[in-house]
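Let me begin by presenting the structure, written as structure tokens, before commenting on it.
Atoms considered below: every heavy atom in the structure, side chains included; atoms not considered: hydrogens, waters and symmetry mates.
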Amino acid sequence: MNRDNDKGKVLINRSLMVGVGKFFLLLCIIFRLYYLQVYQADKYKTLADENRISTRLLVPPRGLIYDRNGEVIATNRQNFQALIVAEQTPNLQETLDAFKKIMPLSEAEEQRIKKDLKSNKSFVPIKIKDNLSWEEVAKIQLNAPDLPGIIIDEGLSRYYPYGEKMAHVLGYVAAVSEKDVKDDPLLEVPGFKIGKSGIEKLFEKKLRGKGGNLKSEVNAYGRVMKEIEKNEGVPGERVDLTLDVRLQEKAYDLFTEKDHSGAAILLDVHTGEILAFVSAPSFDPNVFSQGISNAQWKELISNEKNPLSNKAISGQYSPGSTFKIITALAALEAGAIKPDTRFFCAAKMTLGTHAFHCWKRIGHGYLNVVEALKNSCDIFFYETALRLGIEKIADMARRFGLGSKINVGLENEKAGLIPDKAWKLKRFGEPWQQGESLISGIGQGYILTTPLQLATMVARVANGGYEVTPTFSKLTNYEKKHIKKINVNPNYLDMIKEGMYEVVNIPGATAYGSRFDYHGIKMAGKTGSTQVRRITMKERQTRILKQEELPWKYRDHGVFVGYAPADNPKYAVAVLVEHGGGGSKAAAPIASKILLEAVKLDTSLHGIQPEKVMTPLKFGTEVVPSE
């Protein structure tokens, strides 16, 4: 009996233990459920939504670019694309073959399409071709029954209405590459394009805007079932430049009408604002934005005039006789010459065993500095440079913007070169020679400048010695009031300007044939020619070949720097024509017409509306001497 009672107690105890265990386990389950459903509710709701909701980035419209007068020079236009959805076509290859009968596809395009199809899900639309015309869209729609899975999508693409005329300054946009820094989720959107050069690259983040997003409900396969929420994002900002499209077109057309290669820059002398910025020949940036073909690329890179090079900032050239402005200014300031100093030009001078020649074979006779500038006498400036030395020449050149980057923000800008004794010793391990000072005095030898630097130089001379810096952005009133003054005697600057006036407006001077008189407004300037080949002694003794007799690549570069109005400067220009045959022949006429156009458009200078002006342009008809 007692034994049975003991067994019963053991069973009861065990049952209680099991019951307590079950009860404790139940409490744990209840607690866990409560924890998951109450305390962790938000977390699991989010996880569930992530499985249910798909979020896609939306590309904002790119910001527009305007010139100084509000003219659109880079915009977005409607873009029709042909897309293919793999899951909607029974046979991809047959569909692509049918599409090619309507619209040709290159081998590279077809490979790209197949690659995209393999790397994306079957319901993701893949681009076949974009920038379709209305006629092409209509043709695709008409043949829709034979093109299962192909749809037309509408979006925006970058468009440059002035094409090649603005290419080197605006640049272009293209697809993001692996080299591009991915600091923005937008850069990972398939097909997204960013600024690759020019202003497009300089103001990329401002023009890009901020992406929006589209929330959609998707099924288990990720297919969109319905749109839940849409945020358009922030469009790219507007960018206003200092360029004047009218002057830009004029400058570019002056190059292309004679198939010239080179560059031209027009500045406001008081602010440095860039009004025209041309490099010729050029290219169509729309081709790059849409996707350039191999054939088009090969054609561009094989062109001997190098249309892809921005010659305004990356072309480095000897400034030739335009550099005589610097030599004269440095000599006057250093006291190496005085305003009434006169040297005799007999067409040749010797230094040791070397002969140095003037461009004029019979010489110029006695000249002072103003007359030497007017006639671009080489002998005068040889003598001046010999007295002056390279160090003082280099110092003055640097003060006026030569020998270092201007930093306008465009890529591939070159610094040029203003040599001195230390540079030569470091570069060649050799001391500086006197003869090198002579040829530096006329802008030859080691000296290299960019057209933008030459425009900077002449603007600083024209404005009375203020250190303006070229810019594509308009200056604030504060910035205008705080432009630094260069430490140079204004009387010497006036003397240089007198010589530049005579270069253009006195009969027989080197640019007299390019003068104009527009209601009393005239220009001033300085010509320059840069040899690209050595003239042999035999050739000097017999006959120096004319520029027209030489192959294009052996002809002299033509350079001209100038400003207008001559008596109250407002605009400065620098023009370089590669192998143009000389500054007076090729560069001065272009510069003259650019300055004249600026004067005509600026009614504040003459108070006459351009369309009402009847006075013809007074260009000279005299034969212009070479230099």
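- Test V599, L254, V278, L275 against I594 for side-chain contact (heavy atoms from CB on, under 4.5 Å) and you get one pass: L254.
- Contact annotation: the side chain of F255 approaches that of I590 to within less than 4.5 Å [non-hydrogen atoms, C-beta and beyond].
- Inspection of the Y172 and N286 side chains reveals no N or O donor paired with an N or O acceptor under 3.5 Å.
- Put simply, the side chain of S302 gets close to the backbone of E299: a donor and an acceptor are under 3.5 Å apart.
- Under the 3.5 Å distance criterion, the side-chain polar atoms of K311 are matched with a main-chain donor or acceptor of N306.
- Looking at D253 and K165, a side-chain N of the basic residue comes within less than 4.0 Å of a carboxylate O on the acidic one, giving a salt bridge.
- With salt bridges taken as basic N to acidic carboxylate O contacts below 4.0 Å, one links E204 and R62.
- Put simply, the side chain of H260 never gets that close to the backbone of A280: no donor and acceptor are under 3.5 Å apart.
- The two residues Q248 and A276 make their nearest non-hydrogen contact at OE1-CA, 3.3 Å.
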Original post:
Run the side-chain contact (heavy atoms from CB on, under 4.5 Å) check on N303 and I301 step by step: do they pass?
Top reply: CA-CA 6 Å; N303 189 324; I301 61 175; over 6 Å; no
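- R158 has a carboxylate O that lies under 4.0 Å from a charged side-chain N of E200, or vice versa, which qualifies the two as a salt bridge.
- Between the side chains of Q453 and K414, no donor N or O sits under 3.5 Å from an acceptor N or O.
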Subject >> side-chain contact (heavy atoms from CB on, under 4.5 Å) between T456 and I406, worked out >> reply: CA-CA 9 Å; T456 305; I406 302 297; 3.7 Å; yes
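- Side-chain contact check for Q78 and Y159: no donor-acceptor pair (N or O, by modelled atom type) lies under 3.5 Å.
- Heavy-atom neighbours of K100 NZ from other residues, nucleotides or ligands within 6.0 Å: above the threshold of 12.
- The shortest non-hydrogen separation linking P307 to S282 is CB-O, 3.4 Å.
- In this structure the side chain of R246 reaches within 4.5 angstrom of the side chain of N69, judged on heavy atoms.
- Under the 3.5 Å distance criterion, the side-chain polar atoms of T256 are left unmatched by any main-chain donor or acceptor of D259.
- Although no hydrogens or angles enter the test, the distance criterion places a donor-acceptor pair under 3.5 Å between the side chain of T322 and the main chain of P319.
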**OP:** Using the side-chain contact (heavy atoms from CB on, under 4.5 Å) rule, take N310 and L410 through it: C-alpha gap first, then chi angles, then the decisive distance, then the call.
**Re:** CA-CA 9 Å; N310 188 345; L410 304 185; 4.0 Å; yes
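- Distance alone, capped at 3.5 Å, is enough to place a donor-acceptor pair between the T242 side chain and the T471 backbone.
- Heavy-atom minimum distance, S592 versus S514: OG-O, 2.6 Å.
- For the pair K593 and E597, the salt-bridge criterion is not met [side-chain N within less than 4.0 Å of a carboxylate O].
- Under a 3.5 Å cut-off, the side chain of S318 and the backbone N or O of G320 do not form any donor-acceptor pair.
- Looking at heavy atoms from C-beta onward, L417 lies out of side-chain contact with I447 at the 4.5 angstrom threshold.
- What you find for V575 and A264 is that their closest heavy atoms are CG2-CB, 4.0 Å.
- Using cut-offs of 30° and 60° on the angle between ring planes, the pair H557 and H579 is tilted.
- V468 and A459 get closest at one heavy-atom pair: CG2-CB, 4.0 Å.
- Judged by distance alone, with hydrogens and angles left aside, the side-chain atoms of D67 form a donor-acceptor pair with the main-chain N or O of V245 at under 3.5 Å.
- Using a 4.5 Å heavy-atom threshold, the side chains of S473 and F203 count as touching.
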Subject >> side-chain contact (heavy atoms from CB on, under 4.5 Å) between L243 and I274, intermediate numbers included >> reply: CA-CA 6 Å; L243 292 170; I274 300 171; 4.0 Å; yes
Subject >> Step-by-step ring pair (Phe, Tyr, Trp, His ring centres under 6.0 Å) determination, F277 to F472 >> reply: CA-CA 10 Å; F277 186 95; F472 289 110; 5.4 Å; yes
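- Distance alone, capped at 3.5 Å, places no donor-acceptor pair between the N407 side chain and the G409 backbone.
- Closest of all the heavy-atom pairs between A74 and L170 is CB-CD1, 4.4 Å.
- Using a distance-only test at 3.5 Å, with no hydrogens or angles considered, a donor-acceptor pair links the side chain of E479 to the main chain of T476.
- One finds a salt bridge joining D240 and R238 here, because a Lys/Arg side-chain nitrogen approaches an Asp/Glu carboxylate oxygen to under 4.0 Å.
- Under a 4.0 Å N-O distance rule, the pair D146/K101 does not qualify as a salt bridge.
- In the model, S261 has a side-chain atom that pairs as donor or acceptor with a side-chain atom of E578 under 3.5 Å.
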